[in-house]
Amino acid sequence: MLIQQESGDSVTTEVYRDAWGIPHLRASSALELARAQGRNAATDRAWQIEVERHRVQGTTAAFLGAEAVVWDRFARQARLEDTARRCFAALDADTAAWVTAYTEGVGEGLAEGARSAPEFAATGLEPGRWEPWVPLGIWIAAHILFAGFPTKLWREEVARRLGDDLATLFATDGPGTTGSNGWLVTGARTETGAPLIAGDPHRFIEDPGVYQQIHLVCPGIDVVGLAVPGVPGVAHFGHTGSVAWAITSAMADYQDLYRERLRRTADGIEAEGPDGWRPATHHRETIEVAGGAPVTVDVIETGRGPVIAGDVPMPGGDGRMPGEDVPMPGGDGRVSEAVSLRYPPRVTAALGFEAIPALLRARTVGDVDRACDDWVEPVNVVHAADTEGGLLHRVAGRVPVRHEDNRLRVVPAWEPGHDWRGWHESPRAEVGDFAVMANARGIATPLGVEFAPPHRADRIAALLRESTSWTAPGMAAVHTDTWLASAAPLLDLVAALDEGRLAPGASALRARLLGWDRRMEAGSTEAALFAAVRSAVVRRLAAHPALEPLHGPFGYPEVFLPWLHLPTKIGYALETLLTTDRLPGIDRASLVRDAVDEVAAAGGPEATWGERHRLAPWQALPAPTARSGRDCPATTTACWPPQASPASPT
């Protein structure tokens with residue numbers, strides 16, 4: 001236990017740490033509380049939040065080295081910092097003052113936090129100045145790839161290389177992907193007669209984690225929940241004593257990609273839109289690289305949005321490059337192709353930050369509901385319940401109304417009909433005995449394209465039906481359930497194998513897999529064997545000649561490679577690929593038989609799932625013993641955002 005008081009100018013802030021080290025902050029006003037939260041984030045998470053600040057600005061390579069250029073280039077081309085500045089400038093005065101107080105607190109605690117974080121000394125990074133827009137930038141950077149717009153690049157390549165009818169072949173709807181879970185159980189099924197809310201966020205595992213447990217108190221505010229270091233308040237998971245809320249991703253599609261035609265003129269760069277050629281903004285920026293030469297980046301923005309991939313029209317005349325201080329000669333008429341990104345905060349200069357202080361003061365479901373009306377990004381499904389019996393199950397966030405093609409593919413900027421035409425209304429639903437959210441199709445169906453399969457939601461619902469006297473501790477049984485419903489398609493193919501055609505030892509392996517209880521328990525050797533067979537099937541599918549065209553290269557920036565890596569796409573969509581009739585020429589039974597033979601022949605001492613399944617959190621500065629980025633994508637800067645390994649079951 002630690003109690004610390006900080007006083008000055010008749011303002012007193014109390015910081016108390018409980019037995020788990022969780023900070024409890026008490027202040028005399030909302031602004032002082034925000035300042036105290038910022039100071040706490042700086043002392044507890046200095047390295048983390050400074051990395052995030054640099055990530056927004058596209059300056060991480062200056063202290064992390066050449067691998068970080070991949071992200072820095074994207075951050076600059078997508079104009080993350082400029083978007084954050086615009087969003088901050090558009091805040092109402094009270095919210096702007098609240099965010100500013102937080103950043104002032106960060107400034108007060110950053111030097112102290114840096115002294116206890118060895119990463120600063122290891123990289124030579126000095127703590128920098130926090131401007132008021134930075135928390136908004138951290139939020140944007142954390143979620144810009146969250147909705148997975150690079151999947152549209154993948155669909156485009158599948159259509160181009162395998163045919164339009166297979167563009168959605170690798171959809172992850174079924175039945176085995178990762179994702180967050182959440183559920184709301186009404187008083188009809190609890191021991192106390194009061195509702196229970198469970199939040200189970202499956203964010204990629206990072207070190208330090210993306211959330212921080214915290215307790216914030218001042219007159220009018222008393223909330224416990226999960227804060228995002230670098231961002232004030234409690235946005236996603238919170239409890240104010242009389243109302244609680246939790247979220248999962250709605251799997252909505254709210255970002256568009258446009259294929260652009262660009263050309264250089266005497267006045268600069270133009271882009272072809274549905275109304276003809278129009279000027280595009282353009283400038284050049286330099287990325288400083290620790291231990292390497294600086295990298296120059298062209299930053300172009302068309303009427304659709306920032307250009308994030310493609311060629312820059314080269315100058316004519318004397319050959320000077322774009323962005324130089326002298327006037328450019330006229331272009332030579334050549335047209336280059338590029339891809340631009342359109343995303344709501346860039347279009348509207350709004351993130352929905354006004355909702356966060358409103359949530360801190362919420363006392364009823366109605367308060368949470370009204371706060372969520374202001375939310376923009378990311379688009380979430382929200383559960384809330386209060387002590388007055390109020391219940392909430394709704395979507396919060398901004399999804400544009402536009403042509404169906406925008407949702408599926410990269411659309412031509414020069415063709416009419418691909419503009420945004422307002423915003424979808426936020427769907428909501430009534431709550432029965434319970435409500436489950438697990439990234440599956442449901443109330444958010446009209447807003448998305450690909451969703452998680454239904455098996456996680458179905459499993460949670462089945463478990464919740466087993467009791468009418470749920471307690472908070474009892475919910476641990478749902479959180480820790482290890483049943484792997486997605487194993488069924490692969491095990492069905494294993495069951496159909498002709499034992500007479502299996503290699504020695506493979507028949508015994510087949511019998512063990514079919515007798516397995518389908519639980520991914522840490523001590524289970526059968527779970528480890530299933531994971532090995534599944535991985536072998538993924539590798540063999542990826543090597544099949546029918547899918548060879550999808551190995552690339554694709555020519556897109558490296559930051560998008562996690563969405564363009566064939567084994568990764570197969571791993572996430574394996575259950576679909578094992579059951580679809582849209583893959584002619586691939587003998588799946590033969591692939592599975594060969595995979596079982598391979599695992600059986602490997603022999604060696606048996607390992608359990610827990611021994612095989614090792615934690616590898618993403619770190620901005622990997623430990624010296626970490627493997628290279630190509631071998632261990634969960635621990636390398638170059639692979640930001642961190643990606644899970646899809647070859648094994650999740």
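Owing to the predicted nature of the structure, the values given are computational and were not obtained by experimental measurement. By convention here, the first residue in the shown sequence is residue 1.
- In this structure, the side chains of Trp183 and Leu463 stay at 4.5 Å or more apart for every pair of heavy atoms.
- Closest non-hydrogen pair, Ile586 versus Leu541, comes out as CG2-CD2, 3.9 Å.
- Across Gln212, Gln37, His215, a single residue satisfies side chain to side chain contact (heavy atoms under 4.5 Å, CB included) together with Pro23, and that is Gln212.
- Pairs of residues two or more places apart, or lying in two chains, that qualify as salt bridge (charged side-chain N to carboxylate O under 4.0 Å, His left out) and include a residue from residues 141-154 are Lys152-Asp253, Lys152-Asp256.
- Taking the six-membered ring for Trp and the full ring otherwise, the centers of Trp618 and Phe204 sit at least 6.0 Å from each other.
- Thr445 places no side-chain N or O within 3.5 Å of a backbone atom of Arg441 that could act as its donor or acceptor partner.
- The heavy-atom pair separating Val376 from Ala350 by the smallest distance is CG1-O, 3.5 Å.
- Annotation for Ala595 and Val533: closest pair CB-O, 3.9 Å, computed over non-hydrogen atoms.
- With Arg45 contributing its side chain and Gly209 its backbone, the two residues share a donor-acceptor pair below 3.5 Å.
- Using cut-offs of 30° and 60° for the angle between ring planes, the His613 and Trp609 rings count as parallel.
- Thr576 is not listed as a side-chain neighbour of Leu169, based on a closest heavy-atom distance of 4.5 Å or more.
- The salt bridge (charged side-chain N to carboxylate O under 4.0 Å, His left out) pairs that include a residue from residues 467-480 number zero, where partners must be two or more places apart or lie in different chains.
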Does Arg588 form a salt bridge (charged side-chain N to carboxylate O under 4.0 Å, His left out) with Asp492? I'd like the steps, not just the answer. CA-CA 11 Å; Arg588 279 158 285 201; Asp492 287 346; over 6 Å; no

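- In this structure, Val228 and Tyr211 have side chains that are in contact, with non-hydrogen atoms separated by less than 4.5 Å.
- Side-chain atoms of Asn380 do not come within 3.5 Å of backbone N or O of Ala396 as any donor-acceptor pair.
- Distance check: Ile22 CD1 to Ile214 CD1 gives 10.0 Å after rounding to the nearest 0.5 Å.
- Pairs passing the ring-ring contact (aromatic ring centres under 6.0 Å, His included) check and including a residue from residues 381-408, sequence neighbours excluded, read His383-His393, His403-His418.
- At distances below 3.5 Å, at least one donor-acceptor pair connects side-chain atoms of Trp516 with backbone N or O atoms of Arg519.
- Between Asp373 and Arg394 a salt bridge is recorded (basic side-chain N to carboxylate O distance below 4.0 Å).
- The side-chain heavy atoms of Pro229 and Glu52, taken from C-beta on, include no pair separated by under 4.5 Å.
- For the atom pair CG (Leu408) and CD (Glu404), the distance works out to 5.0 Å, reported to the nearest 0.5 Å.
- For the atom pair OG1 of Thr240 and CH2 of Trp245, the computed distance is 6.0 Å after rounding to the nearest 0.5 Å.
- A distance-only check finds a donor-acceptor pair linking the side chain of His143 to the backbone of Trp139 [under 3.5 Å].
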Intermediate values then yes/no, side chain to side chain contact (heavy atoms under 4.5 Å, CB included), Val395 and Val382: CA-CA 6 Å; Val395 174; Val382 181; over 6 Å; no

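- Contact annotation: the side chain of Phe149 approaches that of Phe560 to within less than 4.5 Å [non-hydrogen atoms, C-beta and beyond].
- Side chain of Arg189 to backbone of Ser467: a donor-acceptor contact under 3.5 angstrom is found.
- Contact annotation: the side chain of Leu491 approaches that of Arg518 to within less than 4.5 Å [non-hydrogen atoms, C-beta and beyond].
- Contact check for Asp386 versus Arg363: no side-chain heavy atoms found under the 4.5 Å cut-off.
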Take Gln255 and Glu377 through the test side chain to side chain contact (heavy atoms under 4.5 Å, CB included) and record every step on the way to the result. CA-CA 11 Å; Gln255 301 161 319; Glu377 185 182 26; 3.6 Å; yes

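- In this structure, Arg582 contributes its side chain and Asp165 its backbone to a donor-acceptor pair below 3.5 Å.
- Shown here is Glu425, whose CD atom has no more than 12 heavy atoms of other residues, nucleotides or ligands within 6.0 Å.
- Between the side chains of Thr471 and Glu191, no donor N or O sits under 3.5 Å from an acceptor N or O.
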Quick one: do Leu145 and Trp71 satisfy side chain to side chain contact (heavy atoms under 4.5 Å, CB included)? Show the steps, please. CA-CA 11 Å; Leu145 296 173; Trp71 170 263; 3.9 Å; yes

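- In terms of modelled atom types and a separation under 3.5 Å, the side chain of Thr248 and the main chain of Ala438 share no donor-acceptor contact.
- Side-chain atoms of Arg398 never come within 3.5 Å of backbone atoms of Pro345 as a donor-acceptor pair (strictly under, hydrogens ignored).
- Taking both residues in full, the closest heavy atoms of Val436 and Phe434 are given as CG2-CD1, 3.9 Å, listed atom of the first, atom of the second, then distance.
- Separating the NE2 atom in His24 from the CD atom in Gln213 is a distance of 9.0 Å, to the nearest 0.5 Å.
- Side-chain N or O atoms of Ser524 include none that pairs as donor or acceptor with a backbone N or O of Met520 at under 3.5 Å.
- Shown here for Ile356 and Pro232, the closest heavy-atom pair between the two residues is CG2-O, 3.6 Å.
- Of all non-hydrogen atoms in Ala495 and Arg510, the two that sit nearest each other are O-NH2, 2.7 Å.
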Which is it for Arg17 and Asp44 under the salt bridge (charged side-chain N to carboxylate O under 4.0 Å, His left out) test, yes or no, and what are the steps along the way? CA-CA 12 Å; Arg17 294 185 185 273; Asp44 283 14; 2.7 Å; yes

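- Under the 4.5 Å side-chain criterion, counting only non-hydrogen atoms from C-beta, Asp200 is not in contact with Arg456.
- Distance CG/Asn181 to CD1/Ile460: 3.5 Å, rounded to 0.5 Å.
- The distance from atom CZ of Arg155 to atom CG of Leu166, rounded to the nearest 0.5 Å, is 13.5 Å.
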Set out, in order, the CA-CA distance, both residues' side-chain angles and the distance that settles side chain to side chain contact (heavy atoms under 4.5 Å, CB included) for Asp367 and Val243, then state yes or no. CA-CA 9 Å; Asp367 295 334; Val243 65; over 6 Å; no

